[in-house]
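The structure under discussion appears below in the form of structure tokens.
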Amino acid sequence: MGRGIIAEELTKVYSSQRRQGWFRTVREEKRAVDGLSLSVPPGRVTGLLGLNGAGKTTTIKMLSTLLLPTAGRAEVDGLDLVRDANAIRRKVNMIAGGERMVYWRLTGRENLWYFAQLYDVEPRGLKERIDSLLRSVGLADAADKPVEQYSKGMKQRLQIVRGLINDPTYIFMDEPTLGLDVPVARELRQTVRRLTAEEGKGVLLTSHYLAEVEELCAYIYVVNGGRLEAQGSPADLKRLTRRDRQVKVLLAELPAAVNTALDAVAAESGARIERQPVPEGVLVTVRHQSDLSGRVAGAVALAGASILKLEALEPTLEEAILALADVGKPEVISRAG
């Protein structure tokens, strides 16, 4: 198994000139990626998250040799990103969402043959490999149809195998399920799990579907303004931002004894309690960093009330990412730890 992708202080600065007045031009610079360090080991899905404009796509383009970094360095299995770019291209590939990376006038089979030439895939056994890849995503019967006749799901499945045509060690997935129907997106996630668990491939994934990220990624880097804001497992990131767990209790009514019992729980734990009338009765929401569902249920029962429904909710990864991007300026206890 290889050593993985390792980036250190990777930076990309875009320069442009803007005319100011009749005779003067002003040089402007934008740091799309600013001193980013990360690693993508084999056999694992690694997430790269952030809001639009955070620098995710620029990072992927640099690591896949499509853009030269302005500063910093990176290596893929010990190969230097700049000096050994041709060798690295044989080890990596990209799968993007939005039907962007296949040619619609070519057939599915012709697309795979064309990209095999670009990646200098060994001709011996190529026909069999193309047939096998098309079968693996259910496109064998449509192999000789122009891609413009494919459905959206078929086009995305073709993009998946286009990204596998050179049997890459590392795959960059940039919003791979963008616009896909739920069954097709689920198939893609299953493919990603197989590629990492069974074939040992390393995957760097960007996605706005954070439930998908939480399901697939063992480790996540969060970037904002091109800089690393935080890193860790999904559970680490949720703890990092001190987001509250919630206990939601639905009661037919809220007698004084129950109110007193809930206030006692809040006083002892520091929890925040909200009471809201709903058509079924009263919805009580208890917020605290710890799971207080047992204490709340016990307090309500001892006070003589019947619980119609109780739900314990964990903080979401979406809340953590928004917090780390400073949306609403929530409290964050650590940065890029």
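For the numbers below, each heavy atom of this structure counts, side chains included, while hydrogens, waters and symmetry mates do not. When a residue number appears, it is its place in the shown sequence, counting from 1.
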- prompt: Stepwise, does the side-chain contact (heavy atoms from CB on, under 4.5 Å) test hold for L216 with V203?
  reply: CA-CA 10 Å; L216 292 175; V203 173; over 6 Å; no

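- A salt bridge is defined here as a Lys NZ or Arg NE, NH1 or NH2 lying under 4.0 Å from an Asp or Glu carboxylate O, and R193 with E215 meets this definition.
- Taking the side chain as every heavy atom from C-beta outward, V147 and L106 never approach each other to under 4.5 Å.
- A donor-acceptor pair under 3.5 Å links the side-chain atoms of T11 to the main chain of G35, judged by distance alone.
- Remark: side-chain polar atoms of S293 are not paired, donor with acceptor, to backbone N or O of A312 under 3.5 angstrom.
- The minimum heavy-atom distance linking K155 with W104 is given by the pair NZ-CH2, 3.2 Å.
- Clustering ILVMFWY residues whenever any of their side-chain heavy atoms sit less than 4.5 angstrom apart, transitively, puts I307 in the very cluster that holds V247.
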- request: Might you work through the side-chain contact (heavy atoms from CB on, under 4.5 Å) test for V282 and Q276, ending with a clear yes or no?
  value: CA-CA 6 Å; V282 179; Q276 178 186 1; over 6 Å; no

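- Taking 4.0 Å as the cut-off between side-chain N and carboxylate O, D291 and R245 do not count as a salt-bridged pair.
- Interatomic distance, R157 CZ to K152 NZ, rounded to the nearest 0.5 Å: 13.5 Å.
- Annotation: side chain of T57 is not in contact with side chain of F172 (no heavy-atom distance under 4.5 Å).
- A salt bridge links R109 and D144; the closest N-O separation between the charged side-chain nitrogens and carboxylate oxygens is under 4.0 Å.
- Using a cutoff of 4.0 Å between basic side-chain nitrogens and carboxylate oxygens, R105 and E110 are not scored as salt-bridged.
- Residues I273 and A266 approach most closely at CD1-CB, 3.7 Å, considering heavy atoms.
- A donor-acceptor pair under 3.5 Å links the side-chain atoms of D80 to the main chain of R83, judged by distance alone.
- Atom CG of residue L237 and atom CG of residue L49 lie 8.0 Å apart, to the nearest 0.5 angstrom.
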task: Take R129 and S132, measure what side-chain contact (heavy atoms from CB on, under 4.5 Å) needs, and give me the verdict at the end.
output: CA-CA 5 Å; R129 176 164 180 76; S132 175; 5.6 Å; no

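- Look at D131 and K127 and you find a salt bridge, because one of the NZ, NE, NH1 or NH2 atoms lies within 4.0 Å of a carboxylate O, short of that distance.
- Looking at L204 and Y170, their side chains never come closer than 4.5 Å, going by heavy atoms from C-beta outward.
- Side-chain atoms of S233 and I220, non-hydrogen and from C-beta on, never get closer than 4.5 Å to each other.
- Below 30°, between 30° and 60°, or above 60°: for Y103 and F115 the angle between ring planes is below 30°, a parallel geometry.
- The nearest pair of heavy atoms linking I171 to P168 is CG1-CG, 3.8 Å.
- Counting only distance, with no hydrogens or angles, the side chain of R3 and the backbone of V76 share no donor-acceptor pair below 3.5 Å.
- N86 CG to L79 CG: the interatomic distance, rounded to the nearest 0.5 Å, is 11.0 Å.
- Taken together through direct or relayed side-chain contacts under 4.5 Å among Ile, Leu, Val, Met, Phe, Trp and Tyr, V33 and L68 form parts of separate hydrophobic clusters.
- Between the side chain of S136 and the backbone N or O of L133 there is at least one donor-acceptor pair closer than 3.5 Å.
- Residues L250 and V284 fall into different hydrophobic clusters, defined by Ile, Leu, Val, Met, Phe, Trp and Tyr side chains chained together at heavy-atom separations under 4.5 Å.
- Side-chain atoms of S207 come within 3.5 Å of backbone atoms of Y209 as a donor-acceptor pair (strictly under, hydrogens ignored).
- Each of I95, L48, I160 was compared with M173 under the side chain to side chain contact (heavy atoms under 4.5 Å, CB included) criterion, and only I95 meets it.
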message: Apply side-chain contact (heavy atoms from CB on, under 4.5 Å) to residues I165 and W113 and explain how you reach the verdict.
response: CA-CA 9 Å; I165 188 63; W113 182 90; over 6 Å; no

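- Side-chain N or O atoms of T196 include none that pairs as donor or acceptor with a backbone N or O of R194 at under 3.5 Å.
- Placement of L63 and L66 within a single hydrophobic cluster is found when ILVMFWY residues are connected by side-chain heavy-atom separations under 4.5 Å, directly or transitively.
- Using a 4.0 Å cut-off between charged nitrogen and carboxylate oxygen, R189 and E212 count as a salt-bridge pair.
- Checked for salt-bridge contact, E268 and R295 meet the test: a charged N lies under 4.0 Å from a carboxylate O.
- Separation of atoms CG (D34) and NZ (K12) is listed at 13.5 Å; rounding is to 0.5 Å.
- The backbone N or O of G108 sits nowhere less than 3.5 Å from a side-chain atom of K145 that would complete a donor-acceptor pair.
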When the side chains of residues 255-262 are checked against the rest of the protein, which donor-acceptor pairs come out under 3.5 Å, sequence neighbours left out?
{"residue": "N259", "atom": "OD1", "partner": "R275", "partner atom": "NE", "Å": "2.5"}
{"residue": "N259", "atom": "OD1", "partner": "R275", "partner atom": "NH2", "Å": "3.2"}
{"residue": "T260", "atom": "OG1", "partner": "A256", "partner atom": "O", "Å": "3.0"}

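- The shortest side-chain heavy-atom distance between L158 and V161 falls under the 4.5 Å cut-off.
- Side-chain contact check for L134 versus I130: some heavy-atom pair is nearer than 4.5 Å.
- Residue K201 holds its NZ atom at 6.5 Å from CG of L195, rounded to the nearest 0.5 Å.
- A side-chain N or O of Q159 and one of Q156 form a donor-acceptor pair less than 3.5 Å apart.
- In terms of modelled atom types and a separation under 3.5 Å, the side chain of Y114 and the main chain of V102 share no donor-acceptor contact.
- Residues L10 and S37 fail the side-chain proximity criterion, which asks for heavy atoms closer than 4.5 Å.
- Here L283 contributes atom CG and L308 contributes atom CG; the two are 10.5 Å apart, rounded to the nearest 0.5 Å.
- The minimum heavy-atom distance between H288 and G270, with the atom names listed, is CD2-C, 3.9 Å.
- Residue S39 comes nearest to Y221 through the heavy atom pair N-OH, 3.1 Å, listed as atom of the first residue, atom of the second, then distance.
- Ion pair D174/K61 not flagged as a salt bridge, since none of the NZ, NE, NH1 or NH2 atoms sits closer than 4.0 Å to an Asp/Glu carboxylate oxygen.
- Between L36 and G226 the shortest heavy-atom distance is CB-O, 4.4 Å.
- Both M101 and M62 belong to a single network of hydrophobic side chains, linked directly or stepwise wherever heavy atoms of I, L, V, M, F, W or Y lie under 4.5 Å apart.
- Salt bridge status for E311 with K248: absent, with no side-chain N to carboxylate O gap under 4.0 Å.
- Between R90 and D120, at least one side-chain nitrogen of the basic residue sits less than 4.0 Å from a carboxylate oxygen of the acidic one, meeting the salt-bridge criterion.
- Residues V192 and V45 form a side-chain contact, since some pair of their non-hydrogen atoms from C-beta on lies under 4.5 Å apart.
- A side-chain donor from one of Q231 and Y219 sits under 3.5 Å from a side-chain acceptor of the other.
- In this view, N166 and N93 satisfy the side-chain hydrogen bond (donor to acceptor under 3.5 Å, both in side chains) rule, not counting sequence neighbours.
- Between R227 and E229 there is no salt bridge, since no side-chain N of the basic residue sits under 4.0 Å from a carboxylate O of the acidic one.
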